[in-house]
Amino acid sequence: MQSKLESKILKPLKVPKKTRVLLLVDVINPMHFPNSQAFLPYALVAANRIAAFKLRLEKCNVQAIYANDNYGTWHSSFSDILAACKKLPGARGEIARLLEPKTEDLVILKPQHSAFHSTPLLHLLRKMEATKLNIVGFSTDICVMLTATDARMNGYAVRVPEDCTAAESMHRKLEALRQLHETFKCSIQPTLRSKDDR
């Protein structure tokens, strides 16, 4: 016989019908990579903007989905990654605590750069009947960009607010955003100048 805890954990979640989604890419992140010290100040600024944007979208009934790297920890769950990142010193831990998911947020783990590659994201979005994605997170020129281009190729309207992403340099960030806007027709309008909570 199942215990009450097991019953609660294994209870299927009804997928909400939401046309608009906030997709947070790799925001729970240990940031242990070469040149991470140059990246962290940009990431902390973006994290604060992401937190404010997420709160604003929650009030507009926009569903948040975290698409997070598993960092090669095939034996771990997202909760393990979150717990480890929250304990990190300095900006690394501050970002994880600031952007910790809420109970109603959805989470998937990804093994590669794009949140669509080898994950259930596309299936989930179709079940939700989503049409518009706001994509935020790290890094602008790698995981965010590849996720956004895959989203466009799958037919979604995409916004990548320029103030809600970060890269190792401003040049790399701006070049990635330019390509997303000019080539893939993504909106890159910053949240601070827009009331367009798509």
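There is a path of hydrophobic side-chain contacts, each under 4.5 Å, that joins Phe78 to Leu24. Residue Met128 is grouped with residue Val25 when hydrophobic side chains (ILVMFWY) are merged at heavy-atom distances under 4.5 angstrom, including chains of intermediate members. Grouping the Ile, Leu, Val, Met, Phe, Trp and Tyr side chains by contacts below 4.5 angstrom, directly or via other members, places Ile95 with Phe33. There is a path of hydrophobic side-chain contacts, each under 4.5 Å, that joins Leu98 to Leu40. Linking Ile, Leu, Val, Met, Phe, Trp and Tyr whenever their side-chain heavy atoms come within less than 4.5 Å leaves Leu146 and Val21 in two separate clusters.
By the neighbour-count criterion of 12 heavy atoms within 6.0 Å, atom NZ of Lys59 is sparsely surrounded, having that number or fewer from other residues, nucleotides or ligands. Atom NE2 of His32 has more than 12 heavy atoms from other residues, nucleotides or ligands within 6.0 Å.
Sorted by first and then second residue, the side chain to side chain donor-acceptor pair (under 3.5 Å) pairs with a member in residues 146-158 read Ser114-Asp150; sequence neighbours excluded.
Comment: Glu58 engages Lys102 in a salt bridge, judged by a side-chain N to carboxylate O separation of less than 4.0 angstrom. Salt bridge status for Glu175 with Arg178: present, with a side-chain N to carboxylate O gap under 4.0 Å.
Under 3.5 Å, the side chains of Arg56 and Thr191 contain no donor-acceptor pair of N or O atoms.
Contact detail for Cys85 and Pro30: the closest heavy-atom pair is SG-N, 3.5 Å. What you find for Thr140 and Ala176 is that their closest heavy atoms are O-CB, 3.8 Å. Between His113 and Cys143 the shortest heavy-atom distance is O-CB, 3.5 Å. Between Ile28 and Leu99 the shortest heavy-atom distance is CD1-O, 3.8 Å. Closest of all the heavy-atom pairs between Leu109 and Thr119 is O-CG2, 3.7 Å.
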- request: Quick one: do Ser36 and Arg92 satisfy side chain to side chain donor-acceptor pair (under 3.5 Å)? Show the steps, please.
  value: CA-CA 10 Å; Ser36 62; Arg92 292 178 173 90; 2.9 Å; yes
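Listed by chain and residue number, nothing satisfies the ring pair (Phe, Tyr, Trp, His ring centres under 6.0 Å) test with Tyr66 (two or more places apart in sequence, or in another chain).
At least one side-chain heavy atom of Val160 sits under 4.5 Å from a side-chain heavy atom of Thr165. Taking the side chain as every heavy atom from C-beta outward, Cys60 and Arg20 approach each other to under 4.5 Å.
Among Arg126, Lys127, Gln63, His123, the single residue meeting the side chain to side chain contact (heavy atoms under 4.5 Å, CB included) criterion with Val15 is Lys127.
Here Phe138 and Tyr42 keep their ring centres 6.0 angstrom or further from each other.
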